[in-house]
Novice: 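Before I ask anything, let me first share the structure, which is written out below as structure tokens.
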Amino acid sequence: MQAATIRTRLLRILVLALAVLLTLLGVAAAGQVSAYRNASATADNARLEITLQGLIHELQKERGLTTGYVGGVKEFAGKLPAQRKATDTARDRLDQALRGRSDAAAGSVRESLGRLGGLAGIRKHADDHTGVVKDTFDYFTTTITVLDRLDLGIGDVHDATLRDAYQVLQILGNAKEFTGEERAIVLGSVRAGQFQGDDYSRFMEIRAGRLAALDAFPRSATDAQQRRLDAAMTTPDAERALAYEDTAVKGGGKLKWNDIPPMQWWDAMTSTINGLRDVQVSLGTDVEDRASALEGTAQRDLLLFLLLALGTVAALGALALDCVRSVSAPLAELAQQAREVAGERLPKAVSAVQDGSSGEHPGPPAPLAVSGRAGAEVKEVAEAFDRVQQAAYDLATEQAVLRRNTTDSLVSLGRRNQNLVRRQISFINRLEHEDADPATLANLFELDHLATRMRRNAESLLVLAGESSPRPWSTPLSITDVLRASLAEVEEYRRVTLRRVEPAHLTGSVVAEIAHLLAELIENALSFSPPDSDVEIEGRRTSAGYLVAIVDHGLGMDAQAIAEANVRLSGTASFMAEPTRFLGHFVVGALARKCGIEVRLGEAPAAGVVARVLVPVNLLTEATATPKQAAAAEPATVPAPRKESDETQLVSVAAEARPEQPQKKGASAARTRNGLVKRPQRSAISEAVSETDRPSRPAPAERTPDRSPEEVSGMLATLRSAHMRGGISVEKEKQKEKEQEQAQTSEARTEEDGE
């Protein structure tokens with residue numbers, strides 16, 4: 001799972017902090033919104049209450065006139081139409097105030113207004129003189145009481161001042177209603193001269209309720225509100241109404257027309273009620289103003305709160321952006337520069353140090369650039385990385401210098417060994433020319449063979465050091481001669497079997513490298529195969545070039561080991577980081593990469609490993625000289641062609657000592673001029689490529705009794721010595737002298753370099 005970046009973690013912290021802050025702000029905002037809604041609803045309910053009290057006031061007046069008219073006060077007949085119109089107008093204003101509202105207060109008012117449906121019947125009974133005082137009074141009183149006692153949200157008011165104002169408004173409404181009831185009940189009974197039924201007791205209860213309401217008013221009212229009420233209750237009309245009321249109380253249920261004239265009672269009580277109405281309107285205005293003020297304050301607080309919340313969110317966003325700019329973005333830029341340093345700048349600087357043959361010392365990569373807005377920690381990381389970069393550059397430079405010195409040492413050591421071995425081979429050649437004893441010549445041949453192998457090892461050092469071949473060759477050479485030259489550079493060449501090798505020639509520029517490459521592969525095959533088994537070599541032309549197969553019959557390699565070996569043989573790996581037992585692979589890889597040759601290891605068809613060497617078409621050519629001319633020119637460069645007759649003899653002797661293939665049925669065994677049995681050719685390449693089972697090894701044929709191996713070896717040695725002493729051409733001698741001079745000159749130059 002991919003690790004989270006610093007930017008992601010910072011954003012998580014900021015998002016969490018923002019979420020907590022927004023939650024707290026949301027809770028506070030909900031409180032502010034609730035306060036605003038409560039204030040707004042209170043203001044709306046206050047306006048609705050004032051409008052409702054206006055309707056109640058008109059109903060109270062119509063109740064007094066209608067009850068008095070039904071009770072016999074005929075003077076009210078002219079006042080009723082105007083009062084009824086005023087009541088209907090107040091009803092219309094209330095309906096208009098309720099329009100568009102769907103809250104609980106509006107719903108309760110609409111439900112209570114349904115009682116006004118019986119108002120038309122009361123009016124009709126009053127007009128046709130069929131009305132009853134008690135029924136008329138009870139209808140109006142019940143309707144007014146229901147409307148006056150509606151709960152318009154006074155319990156939900158949060159503000160104490162507004163709640164007190166609301167309470168005062170309700171108390172004053174009750175006092176005003178009691179006063180209206182007194183006016184109506186007296187007007188309904190005054191024509192009869194006494195209270196009817198239990199009207200007197202009701203009158204006394206109503207009066208007690210009014211007095212109680214007026215006594216409760218000061219507990220919730222302000223001084224200004226109390227003064228307004230006192231002013232309304234001390235007017236001459238109010239004092240006259242109170243005097244009439246006192247007369248009715250003292251009458252004990254009797255109402256004398258002269259003591260309480262109906263019109264004077266109406267006027268005095270109506271004037272008093274109007275005064276209370278004025279106080280009620282002023283209280284309603286106070287409630288509305290307070291509610292409006294609370295609504296405005298809540299709206300302002302809500303707006304400020306929203307601005308504060310937006311500012312807080314913006315501040316957190318700015319902090320997040322600043323964190324990204326000062327930490328995350330600089331770190332990402334720093335990481336990008338670090339990747340460039342590790343992938344491009346530092347390798348280029350080290351490569352410049354490695355390639356610096358002029359003695360100049362290139363500077364290290366430039367320090368990492370960090371923007372000015374980056375945090376102090378990021379700058380410290382950049383400085384620490386610069387120190388690491390400098391240390392890595394110094395170490396790489398030291399290693400590059402050490403590697404270059406090591407390479408120079410390898411080159412110098414290889415050149416010295418090569419010159420010494422060349423001189424040794426030249427000396428051995430002179431001894432071979434001077435001595436004709438077969439036993440001595442055989443020893444000299446073995447010594448010459450060891451020296452040739454030593455020369456290959458010295459040349460391997462030069463190959464690993466990246467030097468060119470020390471044995472240049474200019475003319476094309478056959479594949480067979482190149483294979484013989486490689487056999488001359490391995491120890492157990494007698495175990496090598498040359499199968500079918502199709503004729504082909506290689507360009508002279510790669511002869512020495514390919515001979516060295518094949519020698520390494522052949523020796524590797526000999527080293528990792530049983531001592532009693534042969535290594536087979538075959539060569540064949542293909543559409544891609546010339547394919548040489550070297551097949552051993554050892555234990556083989558697993559798939560992973562073959563894959564690792566093929567990487568080394570490709571020439572892309574460094575020999576400095578591998579065990580020394582794989583140096584031969586690196587030599588082959590370096591030669592193959594230089595010449596453009598493909599070398600691959602694979603499993604042999606039966607058992608063991610097969611090495612396939614594919615020489616590209618561009619390295620193949622046609623022969624430009626006869627075999628004799630090529631043989632005459634060979635001693636100056638490649639050792640095997642120089643000793644072609646020797647290698648032929650050695651291979652023939654080795655072949656004689658190994659078991660031969662049986663001849664076909666009914667045919668006599670074919671023999672050479674010297675009595676050696678000829679073996680039929682078989683294709684090792686076809687077996688390796690087709691991956692068929694390798695045929696079982698045939699039973700050894702019987703050795704011919706004509707000559708023993710010692711006799712054949714002595715005969716061939718005598719023939720070779722005679723040929724060397726008497727049959728060497730003048731051109732060959734000149735070429736040999738030229739080679740010796742070049743060797744001496746190279747040795748002297750190497751010794752001077754070593755000193």
Novice: Can you name the closest pair of heavy atoms from L55 and L113 and give their distance?
Specialist: CD2-CD2, 3.8 Å

Novice: Using 0.5 Å steps for rounding, measure from the CZ atom of R593 to the CD atom of E598.
Specialist: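 Reported to 0.5 Å precision, the distance equals 14.5 Å.
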
Novice: Does any non-hydrogen side-chain atom of E58 lie less than 4.5 Å from one of R91?
Specialist: no

Novice: Are the side chains of L211 and F178 in contact, using a 4.5 Å heavy-atom criterion?
Specialist: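 No, every pair of side-chain atoms sits at 4.5 Å or beyond.
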
Novice: Examine distances only and state if a side-chain atom of S108 and a backbone atom of A105 form a donor-acceptor pair shorter than 3.5 Å.
Specialist: yes

Novice: Return yes if some donor-acceptor pair links the side-chain N/O of D237 with the main-chain N/O of T272 below 3.5 Å, else return no.
Specialist: no

Novice: Excluding sequence neighbours, so at least two apart, what forms salt bridge (charged side-chain N to carboxylate O under 4.0 Å, His left out) with E181?
Specialist: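 Partners of E181 by the salt bridge (charged side-chain N to carboxylate O under 4.0 Å, His left out) criterion come out as none, since no residue qualifies.
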
Novice: Would the distance check show the side chain of S271 and the main-chain N or O of D267 forming a donor-acceptor pair, the cut-off being under 3.5 Å?
Specialist: no

Novice: Could you report the tightest heavy-atom contact between V168 and F217, atom names first, then the distance?
Specialist: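 So the minimum-distance heavy-atom pair works out to CG1-CE1, 3.0 Å.
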
Novice: Near D558 CG, under 6.0 Å, is it more than 12 heavy atoms from other residues, nucleotides or ligands?
Specialist: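 Counting neighbours around CG of D558, more than 12 heavy atoms of other residues, nucleotides or ligands fall under 6.0 Å, so yes.
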
Novice: Any side-chain heavy-atom pair from R210 and E245 closer than 4.5 angstrom?
Specialist: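 Counting from C-beta outward, R210 and E245 do come under 4.5 Å.
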
Novice: What's the spacing between R123 CZ and L80 CG if we round to 0.5 Å?
Specialist: 9.0 Å

Novice: Knowing that exactly one of L172, I50, I56 qualifies, which makes a side-chain contact (heavy atoms from CB on, under 4.5 Å) with Q280?
Specialist: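 Exactly one candidate clears the test, L172.
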
Novice: Can you see which heavy atom on A175 is nearest to which on T179, and at what distance?
Specialist: O-OG1, 2.8 Å

Novice: Could you tell me whether E111 atom CD has more than 12 heavy atoms of other residues or ligands within 6.0 Å of it?
Specialist: no

Novice: So do the side chains of V588 and H585 get within less than 4.5 Å of each other, counting heavy atoms only?
Specialist: no

Novice: My understanding is that only residues two or more places apart in sequence, or in another chain, count here; which of them pass side-chain hydrogen bond (donor to acceptor under 3.5 Å, both in side chains) with R183?
Specialist: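 Only T270 meet the side-chain hydrogen bond (donor to acceptor under 3.5 Å, both in side chains) criterion with R183.
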
Novice: Less than 4.5 Å apart, side chain to side chain, heavy atoms only: is that true for Q170 and E49?
Specialist: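 Q170 reaches E49 side chain to side chain.
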
